[in-house]
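Here's the structure we're looking at; comments come further down.
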Amino acid sequence: MAATTPRTALAWEYSPAPEATDHIRLRDRYELYVDGAWRPPESGVYEATINPATEAPLAEVAQAGNADVDAAVAAARAALPRWQKLPALERGKYVFRIARLIQERARELAIVESLDGGKPIRESRDVDIPLAAAHFFYYAGWADKLAYGLAGRAAEPMGVVGQIVPWNFPLLMAAWKLAPALACGNTAVLKPAETTPLTALLLAEIMQEAELPAGVVNILPGDGSTGAALVRHPDIDKIAFTGSTGVGKDIQAATAGRDIGLTLELGGKSANIVFDDAAIDQAVEGIVNGIFFNQGHVCCAGSRLLLQESVAEEVIEKLWQRMGRLRVGDPLDKNTDVGAINSAAQLQRIEALVDAGEREGATRRTVACTLPERGYWFPPTLFTDVAPAHRIAVDEIFGPVVSVLTFRTQAEAVEKANASAYGLAAGVWTDKGSRALAVARALKAGVVWQNTYNQFDPTSPFGGYKESGFGREGGAAGLRPYVRIR
Ligand code: NDP
């Protein structure tokens, strides 16, 4: 018999595969979107939004001040009676139309999301934009079936809702907020984050294309002071916020004593728990997805990796090998796994926490890679020898940094996972269904994934416990914060 020729390992070299941007037409300057029209800010102030991968300016964007917040809230208030009275089926059709238009402009939206925020095009193309459309489709379906979603209770819309979104999933967070609000008959004033306003402004164009009645959705780019003014506006009926726990607490204090609705989706320090009976290679992929997806700028990122001692060494070694194959660089390259850090300020926060990790005695390993000369970058980083009290085990880093802790028993895993001020999400890697269910029940986390991580679906509610906030977004549960039960 002829001997089989031994196979030789193939050396894979990826050629650059940049997404073309020549069909994207951004305006030089974006105004505020109020009462169905574009209007300049009262203050006359515009700020450049930049590409964090190159530091090149993309467009000038109006910054809304107090007078603009007044105008937007007044427009939303004036639009409310007609929007509320519209037959629910008709309201649903508008929401459906928005979903269709997002799909039609998906490629453009994905590119602009990556340009403005630094995330890999593969993620904005395959996750952010399709999920944003899916949220509008999903809630379009609820518009005329609210009674079923609310267990038959009579309900009315909250009224005018103020919505403040962060920079990590700009269009998707806008969709999470606007889709249920509109389906339930509310009108809205949305403030995108200062560093990523562009897709929200393209969404305003979509609202115009969908011929959504003027004033139903108003979009006010600005900084934290715009958000603070919106929160404190006396004619707001509800605030929905996603962002840092610090700002969430400020909002909670500012709304205390007022009869308004509030939902807060805040930070996290989520535990990703690997038991010794898990499929290790699959778990390693899940760990990578859990922490390096979107550069770790994910509120539910699996940033605390809890490994059972008997497999810890094997998992760490395999993880480190896998991290070495992550491609860090141009967000518009279709091969890129880890893009740019969203802003100089966020890069500084990550660097400060990583320095603290080293100072406190944890062992740091950072992937060696050539980073672009301009822009904000942080290579994938792994910390071992981490003590539960270290800042890198306690504070949300919101970057591509994972801290490894170990445990011996299931009870210890649960205790360590729950020993956090946060309670947003968790992952459980095990071959045993009974163990997965028992651990999931014992975890104080809004979402628990088994043998996977970072899976999102509009039908599935999302939200936290403890300092991760309260209220649910997504699913039928996501309708509840947008109605007042009579
Ligand atoms: P913020 O909480 O400051 O930003 C979230 C949104 O709130 C932005 O639109 C922001 O505007 C706005 N905002 C800021 N201050 C106020 C205020 N006083 N009242 C109302 N709205 C306000 O987050 P950062 O951008 O500062 O990020 C800091 C840290 O927060 C990150 O390192 C991360 O740990 C965490 N974070 C968590 C997120 C999550 O999804 N859970 C999302 C983003 C951040 P502007 O952008 O103009 O400042």
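Whatever order the structure lists them in is the order used to number ligands and atoms, beginning at 1.
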Shortest heavy-atom approach to atom 5 (C) of ligand 1 - which of Thr242, Leu230, Val247
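Nearest heavy atom to atom 5 (C) of ligand 1 lies in Thr242.
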Could you name the option among Ala254, Gly224, Ala228 that has the heavy atom nearest to atom 14 (C) of ligand 1?
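Looking at heavy atoms only, the winner is Gly224.
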Applying a heavy-atom cut-off of 4.0 Å, say which part of [X] lies close to ligand 1: side chain, backbone, both or neither.
X: Val165; result: backbone
X: His297; result: neither
X: Glu194; result: both

Sole candidate of Val69, Val231, Val160 that passes side chain to side chain contact (heavy atoms under 4.5 Å, CB included) when paired with Ile236
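Testing Ile236 for a side chain to side chain contact (heavy atoms under 4.5 Å, CB included) against Val69, Val231, Val160 leaves exactly one candidate, Val160.
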Can you confirm, on distance only, whether ligand 1 has an N/O atom lying under 3.5 Å from any N/O atom belonging to [X]?
X: Lys191; result: yes
X: Leu266; result: yes
X: Ile251; result: no

Do Glu31 and Arg39 sit within salt-bridge range, that is, some charged N less than 4.0 Å from a carboxylate O?
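Salt bridge between Glu31 and Arg39, a charged N being under 4.0 Å from a carboxylate O: no.
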Carboxylate-amine/guanidinium contact Glu108 Arg25, below 4.0 Å:
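Between Arg25 and Glu108 there is no salt bridge, as every charged N stays at least 4.0 Å from the carboxylate O atoms.
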Does the side chain of Asp330 pick up a donor-acceptor pair with the side chain of Thr336 at under 3.5 Å?
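Thr336 and Asp330 do not have a side-chain donor-acceptor pair below 3.5 Å.
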